[in-house]
Participant: 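Please see the structure below; I have some questions.
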Amino acid sequence: MAPHIIWPMRFVLPHNPGTRPRWLVRTGLFLYDNIGGRKKLPPTRVLDLRKDPAGKPLKPGYSTAFEYSDCWVNDARLVVLNAMDAQQRGASIRTQTKVVAMERSDGQWSVTMEDQMTGTRETVTASIVVNAAGPWVDAVLAGSMGQNKKNVRLVQGSHIVIKKKFDDERAYFFQNADGRIMFAIPYEQDFTLIGTTDRDYDGDPSDVKISPEETEYLCKGASEYFAEPVTEDDIIWTYSGVRPLYDDGASKAQEATRDYVLKEVGDADDAKLVNIFGGKITTYRKLGESVLGLVEKHIGAKGSPWTGEKSLPGGGFAATGYDREVTKLAAAHPYLEAKHAKRLVRLYGTHAHDVLEGAKSATDLGNDFGATLTAREIDYLMQNEWAVTAQDVLWRRTKLGLHLQDDAAVAAVETYMQKRLAERKAA
């Protein structure tokens, strides 16, 4: 559905004699291969780390590893492509907009929204409201409806990004002595992503950030495997997220269920509320279809399920066709550097041609802000992907913030965008 932002990745699991026994790991991976539905990806194999290149960055004590298949997804792109897809199918997308009040009246919801950039308020009516606020799901219920019951357990997961630790395209899957697992993944060409942690979180999800304890844990865990230790001085960037896990009473954060739970509220003649508790990337489309099934119970069927077959925007090419799409883009725009063409196809897929439409030379792309980011791409993001700030472009759409860390470069992007916004408002 999205071969530009999702692609196969092989994971190397070095066997640590101090954790799970080798036979147990091998059995688990056998079940993973044969029961998990693997069809297109290659199966598990055993590696001799004394001979395989995967052993080069590791400590010499690790001699055996298991290599298995999974997939990687660019999560930021997944979010925006789903919003674009929804808009193309008739949805109204209101970014930078907050629900400030919800009231039931005569079998309808009255929902008041506030534009966080202008302060403008608007009230709409609906027969059904879906509360899909993720880690804020309980806050929505408390703030808009006065319901203070705790439905989700907030679990913080933090990551560190360091300069590239190894040249192999494969990722590493580490087993820690405390029973948790960690990943070390090739990230954005020049970096290695290491994560994640599991700890309960009680604050506002907007304020989440990595703690000193998490930083120490991730550095120490990775250093147990890598020959060259990972230290705090190696860290280029960190990020943290909050998982809204359904509160099933599990004793440990890492033991709480990752399944989603849907709860419908409202009498037969009343306006309905559907709350989504939990969920994860790998089940998000199935979750969406389940929610729409509840909606259709009240408004009637609007069509057959389609999400298992339709591509996300820009993903209309074969799962193995990425290189072919890069070749097409480079042929149509021969002035592009190879890394520029590859990056554009990775982010936009076939829509990379829309980003460059009409450009005959590098000059036609406008200002070059560094790291292959041009004014033409920023304009595309503002016009098609709701970008309004430099942070939107550099982090929430492209991750180019890793490559453009100079304050002056970021300020230049912000200045350009604010100028374009002012021009749009004046027009």
Participant: The test is side chain to side chain contact (heavy atoms under 4.5 Å, CB included); show your working for Leu81 and Ile5 and say whether it passes.
Facilitator: CA-CA 10 Å; Leu81 292 183; Ile5 66 164; 3.8 Å; yes
Participant: Going by salt bridge (Lys or Arg N to Asp or Glu O under 4.0 Å), name the pairs with one or both residues in residues 100-111, residues two or more places apart or in two chains.
Facilitator: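 Qualifying pairs: Arg104-Asp270.
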Participant: Step by step, work out the salt bridge (charged side-chain N to carboxylate O under 4.0 Å, His left out) result for Lys272 and Glu264.
Facilitator: CA-CA 7 Å; Lys272 297 296 185 296; Glu264 187 178 11; 5.6 Å; no
Participant: For Thr125 and Ser110, which I'm curious about, is there any donor-acceptor pair between the side chains at under 3.5 Å?
Facilitator: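 No, Ser110 and Thr125 have no side-chain donor paired with an acceptor closer than 3.5 Å.
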Participant: Show every donor-acceptor pair shorter than 3.5 Å between a side-chain atom in residues 349-366 and any protein atom, with sequence neighbours excluded, or say none if there are none.
Facilitator:
{"from": "Ser361", "atom 1": "OG", "to": "Thr363", "atom 2": "N", "distance (Å)": "3.4"}
{"from": "Asp364", "atom 1": "OD2", "to": "Lys360", "atom 2": "N", "distance (Å)": "2.7"}
{"from": "Asp364", "atom 1": "OD2", "to": "Ser361", "atom 2": "N", "distance (Å)": "3.2"}

Participant: Taking side chain as C-beta onward, heavy atoms only, is Phe173 less than 4.5 Å from Val12?
Facilitator: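 Heavy-atom side-chain distance check fails, nothing below 4.5 Å.
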Participant: Check Phe11, Phe174, Tyr172 against Phe183 for a ring pair (Phe, Tyr, Trp, His ring centres under 6.0 Å) and give me the one that passes.
Facilitator: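 Going through the options one by one, the only one that passes is Phe11.
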Participant: Per the side chain to side chain contact (heavy atoms under 4.5 Å, CB included) rule, which among Val393, Val413, Leu394 passes with Leu400?
Facilitator: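 Among Val393, Val413, Leu394, the one that satisfies the side chain to side chain contact (heavy atoms under 4.5 Å, CB included) with Leu400 is Leu394.
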Participant: Report the residues that fulfil side chain to side chain contact (heavy atoms under 4.5 Å, CB included) with Asn131, sequence neighbours left out, ordered by chain and then residue number.
Facilitator: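 Partners of Asn131 by the side chain to side chain contact (heavy atoms under 4.5 Å, CB included) criterion, ordered by chain and then number, come out as Ala133, Val137, Val140, Leu141, Leu273, Asn275.
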Participant: Compute whether any side-chain donor of one residue and acceptor of the other, for Arg20 and Gln175, lie under 3.5 angstrom apart.
Facilitator: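 Yes, Gln175 and Arg20 have a side-chain donor paired with an acceptor closer than 3.5 Å.
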Participant: Inspect the contact between Glu377 and Arg343 and indicate whether a charged nitrogen and a carboxylate oxygen are less than 4.0 angstrom apart.
Facilitator: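 Answer for the salt bridge query: yes.
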Participant: Nearest 0.5 Å please: distance from the CD1 atom of Ile185 over to the CD1 atom of Ile194.
Facilitator: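 Spacing of CD1 (Ile185) from CD1 (Ile194) equals 10.0 Å.
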Participant: Sort out for me which residue in Asn34, Val25, Asp33 forms a side chain to side chain contact (heavy atoms under 4.5 Å, CB included) with Thr44.
Facilitator: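 Testing Thr44 for a side chain to side chain contact (heavy atoms under 4.5 Å, CB included) against Asn34, Val25, Asp33 leaves exactly one candidate, Asp33.
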Participant: Which atom names give the shortest non-hydrogen contact between His4 and Leu347, and what distance separates them?
Facilitator: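 That would be CD2-O, 4.0 Å.
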Participant: Just checking Lys286: does its NZ atom have more than 12 heavy atoms from other residues, nucleotides or ligands closer to it than 6.0 angstrom?
Facilitator: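 No, NZ of Lys286 has 12 or fewer neighbouring heavy atoms, counting only those of other groups under 6.0 Å.
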Participant: CD of Glu213: more than 12 outside heavy atoms within 6.0 angstrom?
Facilitator: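 Enclosed.
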Participant: Do Arg153 and Asp200 sit within salt-bridge range, that is, some charged N less than 4.0 Å from a carboxylate O?
Facilitator: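 A salt bridge is present here (some side-chain N lies under 4.0 Å from a carboxylate O).
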Participant: Start with the C-alpha gap between Asp115 and Arg121, add the side-chain angles, then the distance that decides, and say whether salt bridge (charged side-chain N to carboxylate O under 4.0 Å, His left out) holds.
Facilitator: CA-CA 6 Å; Asp115 186 313; Arg121 291 195 172 191; over 6 Å; no
Participant: Using the rule given for ring-ring contact (aromatic ring centres under 6.0 Å, His included), can you reason through Tyr68 versus Tyr32, listing the C-alpha separation, both sets of side-chain angles and the distance that settles it, and then say yes or no?
Facilitator: CA-CA 9 Å; Tyr68 71 96; Tyr32 175 82; 5.5 Å; yes
Participant: Can you tell me how far SG of Cys71 sits from CE of Met9, rounded to the nearest 0.5 angstrom?
Facilitator: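 One finds 9.5 Å between CE of Met9 and SG of Cys71.
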Participant: Side chains of Ser158 and Gln156 only: does a donor on one sit below 3.5 Å from an acceptor on the other?
Facilitator: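 Their side chains do contain a donor-acceptor pair, which is all the 3.5 Å distance test asks for.
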Participant: Taking side chain as C-beta onward, heavy atoms only, is Lys263 less than 4.5 Å from Val274?
Facilitator: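 A side-chain contact under 4.5 Å is absent here.
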Participant: What's the verdict on ring-ring contact (aromatic ring centres under 6.0 Å, His included) for Phe191 and His403, showing C-alpha distance, side-chain angles and the deciding distance?
Facilitator: CA-CA 10 Å; Phe191 306 94; His403 303 273; 5.3 Å; yes
Participant: For residues Tyr348 and Thr398, determine if any side-chain heavy atom of one lies less than 4.5 Å from a side-chain heavy atom of the other.
Facilitator: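 Result yes, sub-4.5 Å side-chain heavy-atom pair found.
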Participant: Looking just at side-chain N and O atoms, do Asp207 and Tyr201 make a donor-acceptor pair shorter than 3.5 Å?
Facilitator: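 Side-chain D/A pair, Asp207 to Tyr201: absent.
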Participant: Minimum heavy-atom separation for Tyr246 and Asp259, please, with both atom names.
Facilitator: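 Residues Tyr246 and Asp259, closest heavy atoms: CB-O, 4.5 Å.
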Participant: Considering only heavy atoms from C-beta outward, does the side chain of Val230 approach that of Ile160 to under 4.5 Å?
Facilitator: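 Side-chain contact under 4.5 Å: yes.
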Participant: In Å, rounded to the nearest 0.5 Å, how long is the span from CD of Glu188 to OG1 of Thr192?
Facilitator: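 Going from CD on Glu188 over to OG1 on Thr192, the span is 12.0 Å.
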Participant: Are the charged groups of Glu67 and Arg170 less than 4.0 angstrom apart, N to O?
Facilitator: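 Yes, this pair counts.
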Participant: To the closest 0.5 Å, what do you measure between CG (Leu329) and OG1 (Thr327)?
Facilitator: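 Rounded to the nearest 0.5 Å, the CG-OG1 separation comes out at 9.5 Å.
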Participant: Can you find a pair of side-chain heavy atoms, one from Lys150 and one from Asp138, that are under 4.5 Å apart?
Facilitator: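 Touching, per the 4.5 Å side-chain cut-off.
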Participant: Can you confirm whether more than 12 heavy atoms, excluding those of Lys342, are under 6.0 Å from its NZ atom?
Facilitator: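 Open.
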Participant: How would you list all residue pairs meeting salt bridge (Lys or Arg N to Asp or Glu O under 4.0 Å) that involve residues 300-323, not counting sequence neighbours?
Facilitator: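 Checked against salt bridge (Lys or Arg N to Asp or Glu O under 4.0 Å) - neighbours excluded - no pair reaches residues 300-323.
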Participant: Report yes if some heavy atom in the side chain of Met117 is under 4.5 Å from a heavy atom in the side chain of Val388; otherwise report no.
Facilitator: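 Yes, their side chains come closer than 4.5 Å.
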Participant: Do Asp204 and Ser206 pass the side chain to side chain donor-acceptor pair (under 3.5 Å) test, and can you show the C-alpha distance, the side-chain angles, and the key distance before you say yes or no?
Facilitator: CA-CA 5 Å; Asp204 184 340; Ser206 302; 3.3 Å; yes
Participant: Please report the C-alpha distance between Tyr416 and Asp379 in whole Å, then the side-chain angles of each, then the deciding distance to 0.1 Å, and finally whether the side chain to side chain donor-acceptor pair (under 3.5 Å) criterion is met.
Facilitator: CA-CA 10 Å; Tyr416 175 81; Asp379 288 346; 2.8 Å; yes
Participant: Could Arg180 and Tyr217 be counted as a cation-pi pair, given that NZ or CZ must be under 6.0 Å from the ring centre and within 45° of the axis?
Facilitator: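 Yes, Arg180 and Tyr217 form such a contact.
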Participant: To the nearest 0.5 Å, tell me how far Thr215 OG1 sits from His159 NE2.
Facilitator: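 If I round to the nearest 0.5 Å, the distance is 12.5 Å.
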Participant: Does CD in Glu289 sit with more than 12 non-hydrogen atoms of other residues, nucleotides or ligands closer than 6.0 Å?
Facilitator: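 Yes - once you tally the heavy atoms of other residues, nucleotides and ligands closer than 6.0 Å, there are more than 12.
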Participant: When you compare the side chain of Val155 with that of Val242, does any pair of heavy atoms fall below 4.5 Å?
Facilitator: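 They are not in contact (no side-chain heavy atoms under 4.5 Å apart), so the answer is no.
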Participant: Is there side-chain contact between Thr372 and Lys339, with heavy atoms separated by less than 4.5 Å?
Facilitator: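 Result yes, sub-4.5 Å side-chain heavy-atom pair found.
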Participant: Can you confirm whether more than 12 heavy atoms, excluding those of Phe30, are under 6.0 Å from its CZ atom?
Facilitator: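 No.
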Participant: Could you tell me whether Arg376 atom CZ has more than 12 heavy atoms of other residues or ligands within 6.0 Å of it?
Facilitator: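 Yes, the 6.0 Å shell around CZ holds more than 12 heavy atoms from other groups.
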Participant: Rounded to the nearest 0.5 Å, what separation is found between the CZ atom of Phe277 and the CG atom of Asp247?
Facilitator: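 Reported value, rounded in 0.5 Å steps: 10.5 Å.
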Participant: Taking all heavy atoms of Thr197 and all of Arg243, pick out the closest pair and write down the distance.
Facilitator: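 Residues Thr197 and Arg243, closest heavy atoms: O-NH2, 3.3 Å.
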Participant: Counting only N and O atoms by type, is there a donor-acceptor contact under 3.5 Å from the side chain of Asp368 to the main-chain atoms of Gly370?
Facilitator: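 Such a contact is found between Asp368 side chain and Gly370 backbone.
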Participant: Looking at Trp7, is Arg346 sitting on its ring face, NZ or CZ under 6.0 Å from the six-membered ring centre and within 45 degrees of the normal?
Facilitator: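 Geometry flag: set, cation within 6.0 Å and 45°.
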Participant: Mind checking side chain to side chain contact (heavy atoms under 4.5 Å, CB included) for Pro42 and listing every partner two or more places apart, or none if nothing turns up?
Facilitator: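 Testing Pro42 for side chain to side chain contact (heavy atoms under 4.5 Å, CB included), a comparison that skips the adjacent residues, returns Arg10, Ser69.
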Participant: Surrounding CD of Glu169 (heavy atoms of other residues, nucleotides or ligands, distance under 6.0 Å), is the total greater than 12?
Facilitator: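 Check fails, neighbour count at 12 or below.
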Participant: Listing request: all salt bridge (Lys or Arg N to Asp or Glu O under 4.0 Å) pairs with a residue in residues 70-96, at least two apart in sequence or in separate chains.
Facilitator: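 Counting only pairs at least two positions apart or across chains, the salt bridge (Lys or Arg N to Asp or Glu O under 4.0 Å) contacts touching residues 70-96 are Arg77-Glu385, Asp85-Arg89, Arg94-Glu122.
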